[in-house]
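Since the structure comes first, as structure tokens, the remarks are kept for the end.
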There are 2 protein chains.
Amino acid sequence: MSTIEDVAKLAGVSKTTVSRVLNNHPYVAENKKALVHKAMEELLYVPNSTAQRLRKQTTQTIAVLIPRISNPFFSKMVEVMENIAADNGLQLVVCQTMYDKKRELVYLDLVKTKQIDGVILASLENDWNEVNDYTNFAPIIFCNEYDDRAQVPTVRLNQFEGAYIGTKYLIDKGYNKIAKCRGNNLSGLVTDRQRGFYHALDEAGLPFSEEWTFTGVSLVEDGRRVLREIIEMENRPNAVFTGSDEVAAGIISEAGRLDVKIPDELAVMGFDDQQIAGLVTPGLTTIHQPVDQIGKRSMEVMIDLLHGKGRMDEQLTLLPLHLVERGSV
Amino acid sequence: MSTIEDVAKLAGVSKTTVSRVLNNHPYVAENKKALVHKAMEELLYVPNSTAQRLRKQTTQTIAVLIPRISNPFFSKMVEVMENIAADNGLQLVVCQTMYDKKRELVYLDLVKTKQIDGVILASLENDWNEVNDYTNFAPIIFCNEYDDRAQVPTVRLNQFEGAYIGTKYLIDKGYNKIAKCRGNNLSGLVTDRQRGFYHALDEAGLPFSEEWTFTGVSLVEDGRRVLREIIEMENRPNAVFTGSDEVAAGIISEAGRLDVKIPDELAVMGFDDQQIAGLVTPGLTTIHQPVDQIGKRSMEVMIDLLHGKGRMDEQLTLLPLHLVERGSV
DNA sequence: ATGAAAGCGCTAACAA
DNA sequence: TTGTTAGCGCTTTCAT
């Protein structure tokens with residue numbers, strides 16, 4: 001591999017001049033510029049980006065933390081983010097926490113060791129107190145997930161409202177025994193959804209049984225299990241608020257297998273409006289989250305931060321969500 | 001940020017000794033080691049990985065090229081890859097070509113500028129001749145996709161056989177007018193699938209009409225379009241080999257909407273065995289590709305290469321595929 | 001067992 | 001407009 005010095009020698013100029021050509025500096029004579037370019041081609045010269053990084057103290061790399069990329073919501077989000085990153089000459093490192101606190105901290109350490117310029121948190125496993133310190137090392141922003149204590153830019157939806165309108169829709173359709181599902185952690189997002197759910201119930205004066213809360217539910221297979229558990233229940237709910245299209249799809253599919261009528265015997269409310277919502281039978285009535293916009297806006301906020309625009313302290317972007325009717329309710 | 005020099009001063013030793021402690025060298029007195037550790041903690045010292053990279057001439061980063069991450073086949077593949085990469089202290093940079101030749105070359109340039117230690121090609125847009133030169137800069141391997149001219153390690157399936165058994169299954173079920181879909185490019189994988197498809201047809205003495213080839217088809221929405229076109233046809237096929245579960249799901253969903261009976265009026269053969277295959281109605285009969293294994297094996301081959309094990313010239317891993325019956329045929 | 005010094009490849013003051 | 005020089009932070013000979 002040839003270096004900037006080889007090019008300088010061959011072109012008969014100094015390293016500085018070569019560097020200037022490389023960085024499109026003004027004040028380089030055209031003839032020297034040509035000489036340098038010729039030398040570069042001759043030597044098949046390519047700048048070593050690691051050396052550039054060391055010198056410039058920047059990596060042109062940002063990390064996005066998600067639970068797992070095979071969740072369609074996140075893969076779509078990452079698709080959008082990566083496209084914008086690429087357009088801006090940035091690399092995107094995908095970090096899957098796999099719902100694990102330790103893995104999350106290992107990824108955050110990348111920031112300490114100067115391996116990345118910024119972090120987009122699209123999920124959060126640890127308590128914010130564990131994470132807060134990392135904000136000293138590089139810009140960290142929230143995307144979709146959030147925490148009230150965090151003084152960092154956040155791009156998200158009103159999850160309280162999302163859960164509220166979903167639940168209210170079920171209630172307005174006459175369902176009065178509504179179960180709900182959630183994963184394992186209780187993040188800002190999950191907490192707000194719970195609040196929205198209960199608020200709709202309270203408003204309508206409907207009861208809620210703890211028996212109707214399913215936890216640790218996030219995959220299609222979990223949805224199948226939930227349906228099987230529901231139909232075995234003594235006091236059986238007639239609707240379920242899933243908080244996830246994957247879970248909802250599992251419920252619907254299993255219902256088809258076991259000949260449980262959707263929505264007559266059980267109404268199913270999804271969340272996300274993933275592609276699958278339009279492919280199951282019946283189609284999934286769900287809360288549409290504008291995942292493209294969330295991903296796009298988040299990456300833009302991050303890029304602004306990297307360019308010194310925008311402030312690191314609180315700055316909230318709230319995106320709209322809405323209900324999509326398809327037939328499962 | 002404190003550097004190795006700060007630590008050395010505070011501990012009263014040389015930079016060299018600190019570096020030795022950092023790298024678990026033998027021949028460091030226990031008491032000095034303790035001194036160094038204490039100084040590190042006191043200063044909240046973290047090594048700067050860019051400096052390490054420059055010195056060691058390695059990045060601990062590998063890139064994976066895919067069309068787009070939101071294709072469930074690839075998101076699952078990347079999930080597996082990233083987990084193994086993380087376990088081995090490697091970062092995974094996701095590179096979406098978006099089916100674009102230029103973007104693919106931009107990503108391959110990462111290798112030239114020493115930004116990554118290796119490339120996993122899970123798709124290929126350019127002709128291999130365009131790509132071959134890059135093998136001089138870093139290890140490049142094929143995963144799933146492949147090209148006969150490439151002398152690089154390849155982890156893949158027998159796509160000829162996959163297409164053959166899928167098509168033969170349709171024929172054995174009595175379907176005799178079989179359409180097929182493909183995307184836009186004609187890679188090694190796609191070419192082999194075509195050969196397998198035609199081989200089964202020839203063997204059975206079945207005719208094929210060019211009218212029954214749909215190209216530029218890769219998304220759910222494309223599948224919907226294909227179904228609409230098929231039912232308008234004069235000489236209408238009674239089965240379709242899609243080459244993609246997403247396309248197949250689109251066909252099935254649109255058939256449901258338009259009240260076309262699957263498989264009676266149209267049999268649908270998928271490819272991949274994505275999650276969605278078990279969620280549509282009827283379930284998708286499809287060719288199972290062991291995506292977990294492909295991803296896992298590819299990353300292992302790459303890691304071996306990085307460790308100097310394994311040879312860069314031809315080395316083929318062929319993984320098994322099989323048909324899964326579900327009801328769409 | 002430890003340290004001095006060279007240098008990985010590049011950029012940016014500063015000087016000329 | 002160009003070049004000299006001093007590092008960015010780390011690892012690794014080579015001495016001792």
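We name chains A, B, ... by the order of the sequence lines, and we start the count at 1 in each one. None of these values were measured; they are calculated from a predicted model.
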> End-to-end bend of the helix from dA1(C)-dT16(D) to dA16(C)-dT1(D) (five-pair axes, 10° rounding)?
Replying inline: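 Result, rounded to 10 degrees: 40°.
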Nearest-0.5 Å distance that lies between atom [atom1] in [X] and atom [atom2] in [Y]:
X         : Y         : atom1 : atom2 : answer
Gln115(A) : Tyr107(A) : CD    : OH    : 12.0 Å
Ile66(A)  : Thr97(A)  : CD1   : OG1   : 8.0 Å
Leu92(A)  : Leu92(B)  : CG    : CG    : 10.5 Å

> Think Ser14(B) has a side-chain N or O under 4.0 angstrom from the OP1 or OP2 of dT2(C)?
Replying inline: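 Result: no.
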>> Please give me every residue in residues 34-43 of chain B whose heavy atoms get under 4.0 Å of an atom in DNA chain D, ordered by residue number.
In response: none
> Should Lys112(B) and Tyr134(B) count as side-chain neighbours, where that means a heavy-atom distance under 4.5 Å?
Replying inline: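 Sidechains of Tyr134(B) and Lys112(B): in contact.
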> Is there side-chain contact between Met40(B) and Leu22(B), with at least one heavy-atom pair below 4.5 Å?
Replying inline: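 Answer yes - side chains close enough.
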> Over how many whole Å does the gap from Asn24(A) atom CG to dT11(C) atom P extend?
Replying inline: 11 Å
Please check: side-chain N/O of [X] versus main-chain N/O of [Y], any donor-acceptor pairing under 3.5 Å?
X         : Y         : answer
Asn136(A) : Asp133(A) : yes
Gln96(A)  : Glu79(B)  : yes
Glu104(A) : Glu125(A) : yes

For residues 4-12 of chain B, which side-chain donor-acceptor pairs fall under 3.5 Å, sequence neighbours excluded?
unit_1, atom_1, unit_2, atom_2, d
Asp6(B), OD2, Thr3(B), N, 2.8

>> Apply side-chain hydrogen bond (donor to acceptor under 3.5 Å, both in side chains) to residues Gln289(A) and Gln159(A) and explain how you reach the verdict.
In response: CA-CA 10 Å; Gln289(A) 302 201 79; Gln159(A) 299 289 347; 3.1 Å; yes
Contacts under 3.5 Å, N or O only, protein and nucleotides 9-13 of chain D:
unit_1, atom_1, unit_2, atom_2, d
dG9(D), OP1, Gln57(A), NE2, 3.4
dC10(D), OP1, Tyr45(B), OH, 2.5
dC10(D), OP1, Asn48(B), N, 2.9
dC10(D), OP2, Ile4(B), N, 2.5
dC10(D), N4, Lys15(B), NZ, 2.7
dT11(D), OP1, Asn23(B), ND2, 3.3
dT11(D), OP1, Gln52(B), NE2, 3.0
dT11(D), OP2, Ser19(B), OG, 3.0
dT11(D), O2, Arg55(B), NH1, 2.2
dT12(D), O4', Arg55(B), NH2, 3.3
dT12(D), O4, Thr16(B), OG1, 3.3

N/O donor to acceptor pairs below 3.5 angstrom from side-chain atoms of residues 295-304 of chain B, sequence neighbours left out:
unit_1, atom_1, unit_2, atom_2, d
Lys296(B), NZ, Glu300(B), OE2, 3.1
Arg297(B), NH1, Glu300(B), OE1, 3.2
Ser298(B), OG, Ile294(B), O, 2.7

> Are the charged groups of Arg149(B) and Asp147(B) less than 4.0 angstrom apart, N to O?
Replying inline: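 Between Asp147(B) and Arg149(B) there is a salt bridge, with a charged N closer than 4.0 Å to a carboxylate O.
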>> Going by side chain to side chain contact (heavy atoms under 4.5 Å, CB included), Leu121(A) matches just one of Ile141(A), Thr154(A), Val64(A), Val131(A). Which one?
In response: Val131(A)
> Counting only non-hydrogen atoms, which of residues 110-117 of chain B are less than 4.0 Å from DNA chain C?
Replying inline: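 Nucleic-acid contacts, sorted: none.
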